[in-house]
Amino acid sequence: MDFTPELALTVLKGYVLTVIFETAVLILGLSRQHSIKRRFIAGVWLSAASYPFVIFLFPRLINPIEMETAYRVVSETFAPLFECFLFWLVYYRLKQAPGDGLARDMSTIVIANLFSYGMGLVIESFGFVI
């Protein structure tokens, strides 16, 4: 995959949509111990951490055209697990948040990823070009 200006624009648009979808869920769903600012930052930061793997690394390891199901399973399992790990590491392991909201926060991150994935499928099914 050659990195062209067109590809860069497509990747940027995809990232922005991912952030919009996931941040909306994180703002509504993360436990109240996290400020709105932290929830917003999590939406931008967690997507920024997982998106390059899904867009650049996994397509090199698993051909998304020939092995679409395998690619989707790997990438869409990796993203929420990685994001949950990062969130836990920063806000729970480093003790910036009490542990009582952990299950809610991890569930919310998974739901945010599922919502983003689902919205991507909806956009794709209507033939919108990102």
Any chance you could lay out the side-chain contact (heavy atoms from CB on, under 4.5 Å) test for Phe82 and Leu46, step after step, and finish with the verdict?
-> CA-CA 9 Å; Phe82 186 57; Leu46 294 174; over 6 Å; no
Worked check of side-chain contact (heavy atoms from CB on, under 4.5 Å) between Leu86 and Val90 = CA-CA 6 Å; Leu86 291 176; Val90 170; 5.6 Å; no
Can you list the steps and then say if Tyr91 with Gln33 is a side-chain contact (heavy atoms from CB on, under 4.5 Å)?
-> CA-CA 10 Å; Tyr91 295 120; Gln33 65 190 350; over 6 Å; no
Chi angles and distances behind the side-chain contact (heavy atoms from CB on, under 4.5 Å) call for Val74, Phe53 = CA-CA 10 Å; Val74 168; Phe53 289 92; over 6 Å; no
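At least one side-chain heavy atom of Cys84 sits under 4.5 Å from a side-chain heavy atom of Val110. At a threshold of 4.5 Å between non-hydrogen side-chain atoms, the residues Ile123 and Leu17 count as touching. Using a 4.5 Å heavy-atom cutoff, the side chains of Leu89 and Phe85 are in contact.
Within 6.0 Å of CD1 in Ile36 there are more than 12 heavy atoms belonging to other residues, nucleotides or ligands.
Closest of all the heavy-atom pairs between Val54 and Ala79 is CG2-CB, 4.3 Å. Considering every non-hydrogen atom in both Thr77 and Pro80, the closest pair reads O-CD, 3.4 Å. Taking every heavy atom of both residues into account, Asn63 and Ile65 meet most closely at OD1-N, 2.8 Å.
With 3.5 Å as the limit, one finds a donor-acceptor pair spanning the side chains of Asp105 and Tyr92.
Ser75 OG to Ile62 CD1: the interatomic distance, rounded to the nearest 0.5 Å, is 7.5 Å. Distance check: Leu28 CG to Phe115 CZ gives 9.5 Å after rounding to the nearest 0.5 Å. Atom CG in Leu30 sits 6.0 Å away from atom CZ in Arg39 (nearest 0.5 Å). One finds the CG atom of Leu121 at 5.5 Å from the CZ atom of Arg72 (value rounded to the nearest 0.5 Å). To the nearest 0.5 Å, atom CE of residue Met106 and atom CH2 of residue Trp88 are 9.5 Å apart. The CZ atom of Arg38 lies 8.5 Å from the CD1 atom of Ile41; values are rounded to the nearest 0.5 Å.
When hydrophobic clusters are built by joining Ile, Leu, Val, Met, Phe, Trp and Tyr residues whose side-chain heavy atoms come closer than 4.5 Å, directly or via intermediates, Ile109 is not grouped with Leu114. By the criterion of side-chain heavy atoms lying less than 4.5 angstrom apart, applied directly or through intervening Ile, Leu, Val, Met, Phe, Trp or Tyr residues, Leu57 is not grouped with Val73; the two fall into different hydrophobic clusters. Under the 4.5 Å side-chain heavy-atom criterion for Ile, Leu, Val, Met, Phe, Trp and Tyr, Ile111 and Tyr117 are members of distinct hydrophobic clusters.
Between the side chain of Ser116 and the main chain of Asn113, no donor-acceptor pair closer than 3.5 Å is present. In this structure, Tyr15 contributes its side chain and Val44 its backbone to a donor-acceptor pair below 3.5 Å.
Taking Arg104 as the reference, nothing meets the side-chain hydrogen bond (donor to acceptor under 3.5 Å, both in side chains) condition, with sequence neighbours excluded.
Taking the centre of each ring, Phe58 and Tyr71 stay at or above the 6.0 Å mark. Residues Phe40 and His34 keep their aromatic ring centres 6.0 Å or farther apart.
Counting only residues at least two apart or in different chains, side chain to side chain donor-acceptor pair (under 3.5 Å) contacts with residues 42-53 comprise Glu22-Ser47, Ser50-Glu83.
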